[in-house]
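Here's the structure, in structure tokens; my notes come after.
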Amino acid sequence: MQLSPLEIIRRESLQKLRELGINPYPADEFKTTATIQQITSNFDAFKGKEVVLAGRMMSRRIMGKASFAELKDASGRMQIYVNRDEISSEDDPTMYNTVFKKLLDMGDIIGVKGEVFKTQVGEVSVNVKELTVLAKSLRPLPVVKTDADGKVHDAFADNEQRYRRRYVDLIVNDHVKETFIKRTKITNSMRNFFNDRGYLEVETPILQPIPGGAAARPFMTHHNALDMPLYLRIANELYLKRLIVGGFDAVYEFAKDFRNEGMDRTHNPEFTVMELYVAYKDYNWMMDMTEELLEKIAIDTNGTSTVQIGKNEVSFKAPYPRVPILEAIKIHTGYDVAGMNDVELREVCTKVGIQVDETMGVGKLIDELFGEKCEHLYIQPTFITDYPKEMSPLTKEHRDNPALTERFELMVNGKELANAYSELNDPIDQRERFEEQMKLSAKGDDEAMFIDQDFIRALEYGMPPTSGIGIGIDRLVMFMTNNASIQEVLFFPQMRPEKKAPSVELNEEEKVLLKMIETNAPILLNDLKEKSGFSNKKWDKTLKGLTKHNLAKVTNTDEGLFVEVV
RNA sequence: GACCUGGUAGCUCAGUUGGUAGAGCACCUCCCUUUUAAGGAGGUGGUCCUGGGUUCGAGCCCCAGCCAGGUCACCA
């Protein structure tokens with residue numbers, strides 16, 4: 001492995017610490033008495049008191065016999081003051097002069113014991129009396145500085161590096177940590193909301209023999225012992241409904257789902273959906289619950305029901321408008337498409353500038369009209385309701401109109417955040433809908449939808465009227481934390497693997513050239529170049545490679561440049 | 001999948017018409033006992049993403065590829 005000069009220096013420091021009898025990776029528990037956040041937010045209580053802290057040294061300002069450094073723990077950052085005569089003595093200043101000033105580096109994890117005070121400039125600090133090395137850092141961190149105006153300089157901002165080395169991102173970019181803390185606040189808020197109502201959190205299979213509950217391309221795998229294909233779930237809907245059949249009144253699951261499709265700033269191959277099913281409820285009840293839930297989440301997360309999302313200020317305060325999808329299309333395109341057949345709909349689409357083809361049915365055409373002309377306009381939370389039957393194979397037929405279903409999607413900031421139904425519980429209807437879906441997909445789709453016979457069997461035993469909802473957690477977190485990219489709300493977004501580090505071994509050309517030098521040395525550089533037959537670039541790279549490995553050297557003499565082996 | 005933009009020191013970035021690879025921070029040496037983007041003096045550090053090509057000469061031009069970001073397409 002090739003080490004950079006900075007890494008070599010740190011390894012040397014590591015060795016010197018050991019030589020001084022200091023274990024750079026001690027095993028002992030290090031008992032702290034406070035967190036940085038507790039001290040900085042409550043200085044008066046800590047003033048003059050002794051505290052023990054542990055964290056990472058993020059900066060160091062050495063001024064002769066005294067220094068300041070910044071310590072960062074999980075709760076925040078704080079300044080420490082390190083004085084030679086406090087942590088060591090004039091007779092033996094090793095701890096200060098050697099350990100602290102020379103052998104410690106930015107990024108090292110240390111423990112300090114000392115007294116809380118305020119500097120002349122008024123910054124809360126700890127006057128260190130005892131310094132303990134807890135873990136040596138061998139790689140230099142990016143140096144990010146924040147000035148007096150709070151402006152960040154030299155931010156570690158390359159997204160590729162940030163995602164590949166999220167641990168570094170979390171260390172140096174404090175706001176990143178905030179996002180993930182909020183993510184947990186959001187899911188905790190939801191759990192509390194559901195648990196307070198007596199809903200049961202459950203776990204259902206991720207490995208499924210039939211990938212049901214949605215129409216998406218699944219990841220496939222294989223079980224060796226059973227010698228059968230298995231799929232990573234694309235949804236958990238059908239399993240949760242089985243539990244409702246089994247007699248639970250309300251079940252929910254935070255589910256990692258997997259879809260083998262394109263990736264962009266709103267799609268990751270694995271993502272999180274919270275699905276909830278409540279018996280004896282309908283989609284109207286679910287809308288009431290949803291707006292109540294989202295208002296609570298916003299307040300629990302940000303302290304207010306109003307959230308800044310990009311350029312928009314979005315209010316999650318309940319209630320939210322409820323607009324039937326056909327009404328939305330009438331408002332925003334001027335066309336009343338209720339009751340139209342596919343020919344008429346295709347005409348409308350063409351008139352408003354939407355490209356259509358023959359395979360598109362009524363449902364798809366309405367979906368296109370809404371998606372293209374309406375969706376992006378719903379910035380404030382809005383329930384779009386009563387989708388056409390064709391698009392919703394798991395949804396109960398609308399009580400007043402057999403062409404529609406009892407379904408809503410919640411739009412926020414022009415995007416879909418949640419999807420909910422009065423669940424279809426008529427097993428005969430369900431079987432027919434599945435068969436229709438199969439016909440649709442057989443029309444030219446490579447992905448045939450499977451019929452989950454066991455799910456239908458479960459419905460045949462009888463499922464109470466139920467309403468269910470799926471809420472996209474990643475998207476919700478994006479909204480609540482004002483992030484435009486899903487990668488910012490996932491600790492480890494999917495990435496292509498990194499290139500392998502180049503090997504330190506000689507490549508073929510270098511071996512050939514080395515042999516040539518060995519048999520002919522010393523040889524004029526230009527003669528060797530000609531003899532090698534390499535292109536200019538290849539020649540240059542190869543010779544530089546050899547000199548770098550310290551196997552050949554070029555000497556400048558009166559007779560010209562000569563190459564010889566070392 | 002298509003197109004656009006980018007990849008140079010540990011980090012953030014310059015790099016002129018193709019002519020000896022640069023700055024700030026970090027790092028190393030020295031000075032400095034309440035500083036704070038600490039300061040002062042000096043110094044080290046490079047696979048210019050990879051592989052070909054053009055050229056006397058490539059970080060720069062050409063071709064192919066890799067990785068990322070963006071736009072679009074596809075896709076519950």
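Numbers restart at 1 for each chain; the letters A, B, ... are given by sequence-line order, proteins then strands.
Between the side chains of A/Ser125 and A/Glu123, no donor-acceptor pair is found at a separation under 3.5 Å. If you check the side chains of A/Thr204 and A/Arg233, you find a donor sitting under 3.5 Å from an acceptor.
As rounded to whole Å, 15 Å separates atom P of B/G39 from atom CZ of A/Arg60.
Side chain of A/Arg164, nearest nucleotide from B/C25, B/A68, B/C11: B/A68. Set against B/G10, B/U34, B/A73, the side chain of A/Gln120 has B/U34 as its closest nucleotide. With B/U36, B/G10, B/C67 as the choices, the nucleotide that has an atom nearest any side-chain atom of A/Arg496 turns out to be B/C67. With distances taken from any side-chain atom of A/Ile9 to the nucleotides B/U33, B/A68, B/C28, the minimum falls on B/C28. Proximity note for A/Ser125 (side chain, C-beta onward) versus B/U33, B/C67, B/U35: the nearest is B/U35. Among the nucleotides B/A76, B/C75, B/A37, the one closest to the side chain of A/Lys145 is B/A37. For A/Tyr81, the side-chain atoms get nearest to B/U34 when compared with the rest of B/U34, B/A37, B/C67. Comparing B/C75, B/A68, B/U33 by their nearest atom to the side chain of A/His267 picks out B/C75. The side chain of A/Glu123 approaches B/U36 more closely than any other nucleotide in the set B/U36, B/C74, B/U33. Looking at the side chain of A/Lys102, the nearest of the listed nucleotides B/A38, B/C75, B/U29 is B/U29.
Pair assignment for B/G42: B/C28, on the basis of Watson-Crick or G-U wobble contacts that are both within less than 3.5 Å. For B/A64, the paired nucleotide is B/U50, the pair qualifying as Watson-Crick or G-U wobble because both relevant distances are below 3.5 Å. Here B/G57 sits opposite no nucleotide as a Watson-Crick or G-U wobble pair (both hydrogen-bonding atom distances under 3.5 Å). Look at B/U36: it lacks any Watson-Crick or wobble partner with both distances under 3.5 angstrom. For B/A73, there is no paired base (Watson-Crick or G-U wobble, both distances below 3.5 Å). In this structure, B/A21 forms no base pair with any nucleotide, since neither Watson-Crick nor G-U wobble geometry is met with both distances under 3.5 Å. Using Watson-Crick or G-U wobble geometry with both donor-acceptor distances under 3.5 Å, B/A9 finds no partner in any strand shown.
No hydrogens or angles were tested; on distance alone, nothing pairs the side chain of A/Arg139 with the base of B/A26 as donor and acceptor under 3.5 Å. Looking at A/Glu70, its side chain has no donor and acceptor atom pair within 3.5 Å of the base of B/U36. If you check distances only, the side chain of A/Asn419 does reach the base of B/A76 with a donor-acceptor pair under 3.5 Å.
Contact record, A/Asn482 with A/Gly310: OD1-N, 2.7 Å, taken as the closest heavy-atom pair. Scanning all heavy atoms of the two residues, the minimum distance from A/Leu240 to A/Glu253 falls at CD2-OE1, 4.0 Å. In terms of heavy atoms, A/Pro388 sits closest to A/Ile366 at CG-CD1, 3.5 Å.
Heavy-atom distances to RNA chain B give each of A/Ile62 and A/Thr119 a nearest nucleotide, and the one nearer the 5′ end belongs to A/Thr119. Nearest-nucleotide assignment on RNA chain B puts the 5′-proximal partner with A/Gly64, out of A/Gln79 and A/Gly64.
Distances shown here put a side-chain N or O of A/Gln487 below 4.0 Å from the OP1 or OP2 atom of B/G69. Regarding contacts with the backbone of B/U71, a side-chain N or O of A/Arg265 is found under 4.0 angstrom from either OP1 or OP2. Dashed line: the shortest gap from a side-chain N or O of A/Arg61 to OP1 or OP2 of B/U35 is not under 4.0 Å.
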Distance-only check: which donor-acceptor pairs under 3.5 Å involve side-chain atoms of residues 414-423 of chain A, not counting sequence neighbours?
| from | atom 1 | to | atom 2 | distance (Å) |
| --- | --- | --- | --- | --- |
| A/Asn419 | OD1 | A/Arg407 | NE | 3.1 |
| A/Ser422 | OG | A/Tyr283 | N | 3.0 |
| A/Ser422 | OG | A/Glu406 | OE1 | 2.8 |
| A/Glu423 | OE1 | A/Lys241 | NZ | 2.7 |
| A/Glu423 | OE2 | A/Gly468 | N | 3.2 |

Listed pairs, N/O of protein and of nucleotides 21-24 of chain B, under 3.5 Å:
| from | atom 1 | to | atom 2 | distance (Å) |
| --- | --- | --- | --- | --- |
| B/G24 | N2 | A/Asp154 | OD2 | 3.1 |

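Using cut-offs of 30° and 60° on the angle between ring planes, the pair A/Phe68 and A/Tyr81 is tilted. Taking the six-membered ring for Trp and thresholds of 30 and 60 degrees, A/Phe100 and A/Tyr96 have nearly parallel ring planes, at less than 30 degrees apart.
A/Lys47 is linked by a salt bridge (Lys or Arg N to Asp or Glu O under 4.0 Å) to nothing, counting only residues two or more places apart in sequence or in another chain.
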